[in-house]
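This is a predicted model, so every value here is computed, not measured. We number each residue from 1, following the sequence as shown. Every heavy atom of this structure was used, including side-chain atoms; hydrogens, water molecules and symmetry mates were not.
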Amino acid sequence: GELIVFTESGTYRVTGSRANQMRKAKLATTEGLKNGNHKSIALVGNNLVWVSQSGICFNNGNSVTNLTQGRYENFIDNFAVTFFSTFIPI
């Protein structure tokens, strides 16, 4: 099995089907999930999208890309959390 785990400072892929076989691999060094933003996580096709501290992030299963970094000042505070919480329920 496989699971994506978020912390505030990173995103991890956890694999293994038994407790003694579980392994973690860090997918991003700084693109985590801010505490309280769990409703921002959405599955788009086979990809994960979420709001991190610095923008909207995209995970294709192998790597994490911040789609909005450096493009929209104050994006997170003004729009993203409200949008994802309202229009993309989990």
Side-chain angles (χ1 to χ4, degrees):
E2 184 174 297
L3 176 69
I4 300 297
V5 176
F6 297 95
T7 68
E8 286 199 6
S9 61
T11 305
Y12 298 83
R13 174 194 313 251
V14 178
T15 57
S17 56
R18 296 187 178 146
N20 63 347
Q21 296 174 339
M22 298 293 232
R23 302 289 181 260
K24 73 175 181 178
K26 193 167 189 177
L27 296 180
T29 57
T30 61
E31 301 298 346
L33 183 70
K34 187 175 178 181
N35 189 20
N37 279 4
H38 62 279
K39 289 186 176 183
S40 76
I41 303 167
L43 186 62
V44 179
N46 291 327
N47 306 296
L48 283 177
V49 179
W50 70 94
V51 177
S52 75
Q53 286 95 331
S54 58
I56 295 178
C57 294
F58 175 86
N59 173 265
N60 64 4
N62 295 311
S63 62
V64 175
T65 302
N66 186 320
L67 301 174
T68 58
Q69 188 170 30
R71 294 185 181 159
Y72 303 100
E73 188 173 331
N74 298 321
F75 181 81
I76 300 304
D77 294 332
N78 297 328
F79 176 74
V81 173
T82 301
F83 175 82
F84 277 99
S85 298
T86 304
F87 296 106
I88 306 177
I90 295 183

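- Here R23 pairs with T15 under the side-chain contact (heavy atoms from CB on, under 4.5 Å) rule; sequence neighbours left out.
- One finds the CG atom of N59 at 11.0 Å from the CD1 atom of I41 (value rounded to the nearest 0.5 Å).
- In plain terms, the two heavy atoms of F58 and W50 that are nearest each other are C-CZ3, 4.4 Å.
- The shortest non-hydrogen separation linking N60 to N47 is CA-OD1, 3.3 Å.
- Side chains of N66 and S54: a donor on one and an acceptor on the other come within 3.5 Å.
- Here the shortest heavy-atom pairing between L33 and N37 reads CD1-O, 3.5 Å.
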Mind running side chain to side chain contact (heavy atoms under 4.5 Å, CB included) on T11 and L48 for me, showing each step along the way?
CA-CA 11 Å; T11 305; L48 283 177; over 6 Å; no

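- Heavy atoms only, all atoms of each residue included: E31 and C57 are closest at OE1-SG, 3.3 Å.
- Checked by atom type and distance alone, the side chain of T68 pairs as donor or acceptor with a backbone atom of I56 at under 3.5 Å.
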Side chain to side chain contact (heavy atoms under 4.5 Å, CB included) for V14 and M22? Distances and angles first, verdict last.
CA-CA 7 Å; V14 178; M22 298 293 232; 4.3 Å; yes

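- Taking NZ of K24 as the reference point, atom CG of L3 lies at 13.0 Å (rounded to 0.5 Å).
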